[in-house]
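Before any comments, here is the structure.
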Amino acid sequence: MGIALDMDETMCSLVSSCMEVCRRLWPEKTFKLPGYGRYSQWFNDNLSQDEREELYAVIKTEEFYMSLPPLLNPTFSNSSIEKFSRVCWDRFEEAPIIITARIGFCPNPEEVSRAYLRKHGFVDIDNVVIHAIDGKTCKTTKVKKSTLFADDSVSVADAVAASRNHHMIMVNHPWNDGYSRCGNIRIVP
């Protein structure tokens with residue numbers, strides 16, 4: 001069995017960082033976290049088209065994605081990603097896979113994701129397979145062998161639940177809180 005890891009809201013914190021930028025740009029506004037199953041609609045739910053364009057000028061940069069805090073440890077310790085990566089290498093038959101829906105948001109998503117993980121101590125990062133996809137492609141289509149997905153997406157969970165050979169650790173967030181438990185999906189904080 002292999003392991004496939006999501007980047008945003010699994011390895012690193014994207015929404016909170018976007019909200020910080022929004023609060024600086026529009027201090028008079030209130031921003032809500034994505035609702036159930038609406039992670040990809042966060043921008044449309046909170047911002048007008050003009051506001052989205054202003055925000056995108058700030059966040060669609062390599063610097064923004066490189067500055068995201070790791071999610072694995074509340075103290076944002078680099079060693080937490082390193083320790084987690086050692087488990088991935090030691091416990092799974094295949095090299096870890098990173099599958100991230102950053103196309104259209106992050107410049108050079110594969111390279112930036114690899115550089116981010118290197119910066120935070122992911123072991124043997126040059127041998128990790130990284131797939132960048134758009135927000136419409138299901139991550140489960142990128143792997144054929146039996147895989148454990150670590151992700152926060154309701155749509156990935158639905159695809160894994162329908163699968164006979166995949167499993168999932170769902171990182172619990174407000175946009176997936178209340179997902180129905182099933183045999184091949186485990187939900188963790």
Side-chain angles (χ1 to χ4, degrees), residues 2-19 21-22 31-66 68 71 94-117 128-180 182 184-187:
I3 186 166
L5 309 167
D6 173 47
M7 282 295 295
D8 301 316
E9 303 307 338
T10 302
M11 298 297 291
C12 58
S13 182
L14 176 67
V15 170
S16 63
S17 298
C18 287
M19 288 177 78
V21 173
C22 287
F31 300 95
K32 300 176 190 172
L33 288 171
Y36 183 83
R38 295 194 56 81
Y39 179 82
S40 63
Q41 294 300 313
W42 185 87
F43 298 102
N44 294 341
D45 289 348
N46 283 278
L47 304 168
S48 69
Q49 178 64 38
D50 289 342
E51 290 169 333
R52 285 194 301 272
E53 293 304 319
E54 193 173 342
L55 176 64
Y56 292 162
V58 176
I59 70 167
K60 286 187 175 186
T61 65
E62 182 175 316
E63 295 77 23
F64 176 78
Y65 278 87
M66 289 298 292
L68 297 176
L71 229 146
E94 307 288 327
I97 299 170
I98 305 294
I99 306 175
T100 180
R102 289 182 165 184
I103 288 182
F105 278 88
C106 179
N108 307 308
E110 293 96 344
E111 294 85 4
V112 171
S113 298
R114 190 177 306 280
Y116 177 89
L117 292 168
V128 170
V129 175
I130 299 181
H131 298 292
I133 61 173
D134 61 30
K136 296 177 181 137
T137 303
C138 186
K139 293 174 185 174
T140 59
T141 63
K142 288 295 183 180
V143 292
K144 303 298 180 218
K145 295 182 178 180
S146 180
T147 301
L148 173 65
F149 285 83
D151 207 304
D152 65 304
S153 169
V154 170
S155 62
V156 172
D158 287 343
V160 167
S163 168
R164 293 179 192 247
N165 66 333
H166 295 312
H167 297 273
M168 182 172 173
I169 297 172
M170 178 182 269
V171 180
N172 190 249
H173 290 294
W175 48 90
N176 63 33
D177 194 33
Y179 188 85
S180 297
C182 62
N184 56 348
I185 297 177
R186 182 175 190 187
I187 301 169

Beyond-backbone contact of Asn184 with His166, side-chain heavy atoms, under 4.5 angstrom: no

Working note: Val171 + Glu9, criterion side-chain contact (heavy atoms from CB on, under 4.5 Å); need CA distance, chi angles, decisive distance, verdict. CA-CA 8 Å; Val171 180; Glu9 303 307 338; over 6 Å; no

If you round to the nearest 0.5 Å, how far is NZ of Lys136 from OG of Ser155? 13.0 Å

Check the surroundings of atom NZ in Lys145: do more than 12 heavy atoms from other residues, nucleotides or ligands lie under 6.0 Å from it? no

For the pair Arg102 and Asp8, find out whether any cationic side-chain nitrogen is under 4.0 Å from an anionic carboxylate oxygen. yes

Quick check: do Asp45 and Lys32 have side-chain heavy atoms less than 4.5 Å from each other? no

Check whether any side-chain heavy atom of His173 lies under 4.5 Å from a side-chain heavy atom of Leu33, and answer yes or no. no

Paired with Met7, the side chain to side chain contact (heavy atoms under 4.5 Å, CB included) test is passed by just one of Leu117, Ile99, Leu68, Ile130, namely Leu117

Going by the rule side chain to side chain contact (heavy atoms under 4.5 Å, CB included), which residues pair with Asn44 if we only count those two or more places apart in sequence or in a different chain? Gln41, Arg52

Could you tell me the separation between the NZ atom of Lys139 and the CG atom of Leu5, rounded to the nearest 0.5 Å? 10.0 Å

Run the ring-centre check on Tyr65 versus Phe105 and record whether the distance is less than 6.0 Å. no

Can you tell me how far apart OG1 (Thr10) and CD1 (Ile169) are? Round to the nearest 0.5 Å. 10.5 Å

Please answer whether the main-chain N or O of Glu110 pairs with a side-chain N or O of Ser113 as donor and acceptor at a distance below 3.5 Å. no

Of all heavy-atom pairs linking Val15 and Pro34, the shortest is CG1-CD, 4.1 Å

Nearest 0.5 angstrom please: Leu148 CG to Met168 CE, how far? 9.5 Å

Could you give the distance from CG (Leu55) to SG (Cys18), rounded to the nearest 0.5 Å? 5.5 Å

Exercise: identify the closest heavy-atom pair between Pro109 and Ile103: CG-CG1, 4.1 Å

Verify side-chain contact (heavy atoms from CB on, under 4.5 Å) between Ile97 and Phe149, making sure each step is shown before the conclusion. CA-CA 9 Å; Ile97 299 170; Phe149 285 83; over 6 Å; no

Hey, are the side chains of Ser17 and Phe64 touching, using non-hydrogen atoms and a 4.5 Å cut-off? yes

Work out which heavy atom in Val154 is nearest to a heavy atom in Trp175; give both atom names and the distance. CG2-O, 3.6 Å

Hydrogens and angles aside, do Tyr179 and Asn172 bring a side-chain donor and acceptor to less than 3.5 Å of each other? no

Nearest heavy-atom contact between Asn165 and Ser146 is O-OG, 2.6 Å

Please report the closest heavy-atom contact between Asp134 and Ala101, naming both atoms and the distance. O-CB, 4.0 Å

By ring pair (Phe, Tyr, Trp, His ring centres under 6.0 Å), Trp42 pairs with (sequence neighbours left out) none

Has Arg114 got a side-chain atom pairing as donor or acceptor with Val128's backbone, closer than 3.5 angstrom? yes

Could you tell me which non-hydrogen atom of Val112 sits nearest to which non-hydrogen atom of Pro107, and how far apart they are? CG2-O, 3.1 Å

Could you check if a side-chain atom of Cys22 sits within less than 4.5 angstrom of a side-chain atom of Leu47, using non-hydrogen atoms only? yes

Quick check for you: to the nearest 0.5 Å, what is the distance between Met170 atom CE and Asp152 atom CG? 7.5 Å

